[in-house]
> 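Okay, here's the structure, questions in a sec.
Counting begins at 1 with the first residue of the sequence.
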Amino acid sequence: RRVLFRSEKLEQCVPLGLDAGIVAPTRSDGGLDADALLVALLEATGGIDVTLDLVGGAYLRVAVDAAAAGGRIVCIGTLAGLRTEVSVLSILTKRLRINGTVLRPRSRAEKAAATAAFTEDVVPLLADGRITTVVDTVVTLDEAENAYALLARDANFGKVVLDCR
């Protein structure tokens, strides 16, 4: 695969396993250039098998259009908007599976099951180092304002952890 780097942060992802990284292109008004993003995604991947859509809005339309046959899309967030238009024909002909998920409104039993699955499936990967959490900065509670400033500048790579001890 061809790797498309347009951001220092994407370059930092290569040691973590990134094959192709694309910063979503924008129009002159600052909005998403969905057509350019679709072209870049298809050039880099040939079609996407699994998409975790954290932002919604026009990004969901791009996810549907960039999906490979039999692809799966999981809608997790709505930062880019609650609504979009998607091609039902693309969903049908590609045999896509689109799921939505949020944790907050789930029952206590569902939350417990999700926690148990995480403990069984993910914790062992963390324990033996196959996956890791990238921590950029740890700040004390007294420095919490600095943490917010760091996040607002988009200057971190990885998590900013608030140490409340």
Side-chain angles (χ1 to χ4, degrees), residues 1-106 110-111 114-115 117-118 121-122 125-126 131-137 144 147-162:
R1 288 186 187 167
R2 186 168 60 114
V3 180
L4 307 173
F5 293 115
R6 297 195 184 128
S7 165
E8 234 177 72
K9 288 187 179 186
L10 290 177
E11 291 178 24
Q12 291 174 286
C13 293
V14 172
L16 302 172
L18 177 70
D19 289 327
I22 301 164
V23 174
T26 56
R27 302 180 310 248
S28 59
D29 66 1
L32 173 67
D33 186 339
D35 294 331
L37 178 57
L38 177 60
V39 168
L41 288 169
L42 290 174
E43 283 180 2
T45 67
I48 300 171
D49 295 316
V50 177
T51 298
L52 303 178
D53 180 1
L54 301 171
V55 293
Y59 290 84
L60 177 58
R61 179 177 64 80
V62 173
V64 167
D65 292 343
R72 294 175 289 159
I73 300 169
V74 181
C75 300
I76 300 169
T78 59
L79 291 172
L82 300 174
R83 301 184 184 280
T84 193
E85 288 188 24
V86 297
S87 168
V88 174
L89 185 59
S90 288
I91 295 169
L92 297 174
T93 58
K94 294 179 182 182
R95 301 170 316 284
L96 301 181
R97 288 174 282 163
I98 302 175
N99 295 77
T101 186
V102 291
L103 191 59
R104 185 167 293 176
R106 292 185 183 198
E110 288 176 302
K111 290 176 184 177
T115 301
F118 179 85
D121 298 335
V122 178
L125 302 174
L126 289 164
I131 62 172
T132 186
T133 301
V134 178
V135 176
D136 181 90
T137 306
Y148 283 111
L150 182 67
L151 293 170
R153 289 193 318 272
D154 194 26
N156 59 299
F157 178 77
K159 299 295 181 186
V160 176
V161 176
L162 183 61

> If you take all heavy atoms of Arg104 and Lys111, which pair is closest and at what distance?
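That would be O-NZ, 3.1 Å.
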> In a table with atom names and distances, give each donor-acceptor pair under 3.5 Å that connects a side chain of residues 149-157 to protein atoms at least two apart or in another chain.
unit_1	atom_1	unit_2	atom_2	d
Asp154	OD1	Lys9	NZ	2.6
Asn156	ND2	Gly158	O	2.7

> Name each donor-acceptor pair under 3.5 Å that joins a side chain in residues 64-81 to protein atoms two or more places apart or in another chain, with its distance.
none

> Using the test side chain to side chain contact (heavy atoms under 4.5 Å, CB included), find all partners of Thr84 that sit at least two apart in sequence or belong to another chain.
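Scan of Thr84 (side chain to side chain contact (heavy atoms under 4.5 Å, CB included), adjacent residues dropped) gives Leu60, Arg61, Val86.
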> Using the salt bridge (charged side-chain N to carboxylate O under 4.0 Å, His left out) rule, collect all pairs that involve residues 73-97, keeping only residues at least two apart or in two chains.
none
> Could you tell me the separation between the CG atom of Asp53 and the CG atom of Asn99, rounded to the nearest 0.5 Å?
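Between Asp53 CG and Asn99 CG, I get 12.5 Å after rounding to 0.5 Å.
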> Can you sort out the partners of Ile131 under side chain to side chain contact (heavy atoms under 4.5 Å, CB included), two or more places apart, ordered by chain and number?
Val122, Leu125, Leu126
> Hey, what do you get for OH (Tyr59) to CG (Leu37), rounding to the nearest 0.5 Å?
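Between atom OH of Tyr59 and atom CG of Leu37 there are 7.0 Å.
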> Could you tell me if the side chain of Thr101 sits less than 4.5 Å from the side chain of Arg106, heavy atoms only?
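They are in contact (side-chain heavy atoms under 4.5 Å apart), so the answer is yes.
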> Looking only at non-hydrogen atoms, find the nearest pair between Leu32 and Ala58 and report the distance.
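The answer is CD2-CB, 3.9 Å.
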> Kindly state each residue pair satisfying salt bridge (charged side-chain N to carboxylate O under 4.0 Å, His left out) with at least one member in residues 22-37, sequence neighbours excluded.
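Those involving residues 22-37 are Arg27-Asp29.
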> With sequence neighbours left out, write down each residue that passes side-chain hydrogen bond (donor to acceptor under 3.5 Å, both in side chains) with Ser87, or none if nothing qualifies.
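Testing Ser87 for side-chain hydrogen bond (donor to acceptor under 3.5 Å, both in side chains), a comparison that skips the adjacent residues, returns Ser90.
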